[in-house]
> 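Got a structure here, written out as structure tokens. Questions coming.
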Amino acid sequence: MLATVDCAGAVLAADVAAAKDAQASVASSSSHRIPAPTHYTDWPAVESRLATDPALEARVRKIVASMSLAQKIGQMTQAEIKSITPAEVPKFYVGSVLNGGGSWPDGNKHAGIAEWLALSDRYYDASMATDAAIKLPIIWGIDAVHGDNNVFGATLFPHNIGLGAAHDPALIEEIGAATARAVRATGVEWVFAPTLAVAQNARWGRTYESFSTDGPLVRAYARAYVAGLQGDFGDHHVMATAKHFIGDGATQNGTDQGNAMVSLHDMINVHGSGYFGALEAGVQSVMASYSSWDDVGTGTNYGKMSGARALLTGALKDKMGFDGFVVSDWNAIGQLPGCTNASCPQAINAGIDMVMVPDDWKAFIANTTRQVEHGEIPMARIDDAVSRIVRAKLRMGLFGTRPSQRAGAGDAGSLQSRELARRAVRESLVLLKNNRDVLPLKPGSKILVVGKNADSLPNQAGGWSSTWQGTGNSNADFPNGDTILAGLRHADGAANVTYSETAQGVDLKSFDAIVAVIGETPYAETMGDIMPSATLRHSDRYPEDLAVLQTVAKGNKPVVVVFMAGRPLYVNNLLNLSDAFVAAWLPGTEGAGVADVLFAGHSGEGPYNFSGTLAMPWPGVPCPDAGGSSAKATRWLFAPGYGLRYPSKHEVATLPTDPAVDACADASVLSVFHTLAVPPFSLYLADANPQHPAHDIGADLNAVIEWPSSHPVLRLRTVQVNTQQDAKSVTWLGAGRFFARSPQPRNLMQLVSTHAALQFDVVIATPAKGPVKVYMGCGQHCTTSVDLAHTFATYANGARHTVSIPLACFIKTGADNRRTDLSHVDVPFGVLASPPFSAAFADVKIVAGTAAGRADLPCASLGAP
Ligand code: BGC
Ligand code: BGC
């Protein structure tokens, strides 16, 4: 429910709701050619390489006919290993478990292959211990999205964005097969990969999980990846998942889990491409997307994909002929209107066959059982869902053998595919600039290596690496990898290589060349989104990378930049400070692949040349998605397909650097806190005295902060209000403040003139007895507030409300007759309260235009600042 708060703190408004030619073009699934673009006008029938097998279908029917309702609903349930013990499996007939990112046997990050296998056996044995007439083996799913990335010691391949640049479907099939072997060695049988998003906007925090902006390449890769993972369904293969169906890469502004605004034609022919490839290869599961879709051609709004019957059932199963099962994403059902994480007949009726209910699986089973008994979910739908799951399990050959008895189980060697990954790194590199042919480097030359990413396996690996976010890791968490620095030392001779992260105080004269390894640090999903108001300028987010280049540029030596990033970013200023510039994406554990190509194999292996080319356009302006005529002309600096080779004989001229652009101009939303504080804002805790120092809460999602530790005034934890870990729950133990602040003040007057509002989501846990002041700050002695205590008191505990306060309410006339100056706001959002009060806050932003017409409400009647 969206509540607009007027300046007197009252709730004013409520409620916001929230083919024939197909067959001809389907190539043989063993082919690795990149197909031509499609021009379908409706979802095509896709021919799977798996023929319908009457004997298999008879077995499926027999099994399903033998099952009770409890057994059927259990099969449709997938719980997280942290929330279900093996002993609970037989009682509820649970059909599947998963481990999420950063979840390992016994919570042990360094669990060995034997521990994974032992736990897999325990779940399997439990599934064989039911009282069912025909026992159905449980299936365990894992996010092995760039190798078996949750497992200690496994080789991590480059993330998909780097693989896209390789333009090599045969390589992808090998990586799929290697990943399958690694996963099966641990006793796990199903992977949630490949991601088939055709990412259109680099703001999206999952851009690196996408191969390309180009549909045909994604289609060829989908086919090859699924072929590699699923193979012939033998013991060395796993079930693959095509995800996230559909349009995850199409959302407006690249907002994770957002709304795709595209035509039916583009949804089919661009965003559907990967599904053609995956279905051709016989993929057995498809994961529904968190995102929603507005068909801009017909004006049809399909809502969130996990409830979109027209797509899950109509398009995917009926028209495209998918015969595997659809799994929902992590607690995704809870995002549908009228649903919770534990109850959603709509999703099942829409075509979800297996529900990922990580934690609330018991309540889900109870609710779904009741919904079937009351006819809210037809029995025929349940039977169809279960038939699909049983069919996939039969095809996978999971019946009859414990995980540890299957071929390849426990083979620690399967976790390592270092040569293959190193080759993938070499193929993924894209040379953007090589003026005066400063590359390749000569072995034996004296090299200074700088930059925070040079000696960092966590930064090389990115998100979905050991942990979900890829944060909280050190080099020791990747015991079998090589950093880029290690690779350079090996190729050049360790004595010739000096490393200094910042280059401060280093005498640059004694070196022949400088290699700067810079770039992004790890993130996953929503936490990686770059807000529409922010630029795509890398140095806005990582000023230290610009600083180190400025330092080494003073040496007048060739500067080679190796740029690690999960997306193409605006780097004109960094390109200008470099002689050579290599896009290295997120290369994974085999950093030695970088030195292979920088030295062109002169050190013995090789010879290697660059072969990668861009599979996504590279921006030449800080706001490539902002539109406007000036942006259009120079929007893309390098088009897809660009990539130099040795000898490059190509000069990249000095580039314009748009110094004045510090925000993307036509953004109508200024985000302050969206899962994480949105730079330049940080979140702070402080006592009630505005003169006192404040405590930066940092970015650790697992931290419980009691501040100050000696005599806490505030307690802060990360909780869920809308999506995973997107909210901060704050409990007032004394009088204190929770607020967002930026080092650079913002001018909000332009937004005031559009009738903008401060907006946030809130869930009240403990109502306040005294005032709850929501305030804005504009420097010393410049604070204005509105008291929301009365509004919050009307909110039911536990329910989410969206609060919207016109910015004009924060403009007040002070005792000195001066009006509050919103032209230099450093604190756009603060909450000052005293105990008792506890609430969770999410998605804090300033939204243009939402307070339309309310600007002259009697703001002056509000309590004193
Ligand atoms: C969990 C991870 C999981 C992720 C999925 C997070 O809330 O901590 O384990 O993989 O959600 O999005
Ligand atoms: C992600 C999926 C992933 C799942 C399980 C979700 O948050 O969107 O891609 O497979 O978590 O970890």
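Just so you know, ligand 1 is whichever comes first in the structure, and atom 1 is the first atom listed for that ligand. By convention here, the first residue in the shown sequence is residue 1.
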> From the options E209, H244, E80, M287, select the one whose nearest heavy atom is closest to atom 9 (O) of ligand 2.
H244
> Using a 4.0 Å cutoff against the non-hydrogen atoms of K243, which atoms of ligand 2 qualify?
2 (C), 3 (C), 9 (O), 10 (O)
> Is a salt bridge present between R395 and D323, judged by a nitrogen-to-oxygen distance below 4.0 Å?
yes
> Which of these passes side chain to side chain contact (heavy atoms under 4.5 Å, CB included) with I530: T207, L569, V678?
L569
> Any N or O on W330 sitting closer than 3.5 Å to an N or O of ligand 2?
no
> Give the atoms of ligand 2, by number and element, whose distance to some non-hydrogen atom of Q724 is under 4.0 Å.
7 (O)
> Within a distance under 4.0 Å of any heavy atom of D143, pick out the atoms of ligand 2 and give their elements.
3 (C), 5 (C), 10 (O), 12 (O)
> Answer yes if the ring centres of W104 and F152 are under 6.0 angstrom apart, and no otherwise.
no
> Can the ring centroids of F322 and F245 be said to lie less than 6.0 angstrom from one another?
no
> Go through ligand 2 atom by atom and flag the ones less than 4.0 Å from a non-hydrogen atom of F192.
10 (O)
> Using non-hydrogen atoms of the residue, decide whether Y290 is closer than 4.0 angstrom to ligand 2.
yes
> Quick one: which ligand 2 atoms are inside 4.0 Å of a heavy atom on R206?
1 (C), 2 (C), 8 (O), 9 (O)
> I would like to know whether L420 and F157 meet side chain to side chain contact (heavy atoms under 4.5 Å, CB included); could you show each step before the answer?
CA-CA 8 Å; L420 177 62; F157 295 97; 3.9 Å; yes
> Indicate the atoms forming the closest heavy-atom contact of G462 with P522, along with that distance.
C-CB, 3.7 Å
> Could you name the option among D329, V191, V145 that has the heavy atom nearest to atom 6 (C) of ligand 2?
D329
> Are a donor atom and an acceptor atom from the side chains of K304 and Q257 found within less than 3.5 Å of each other?
no
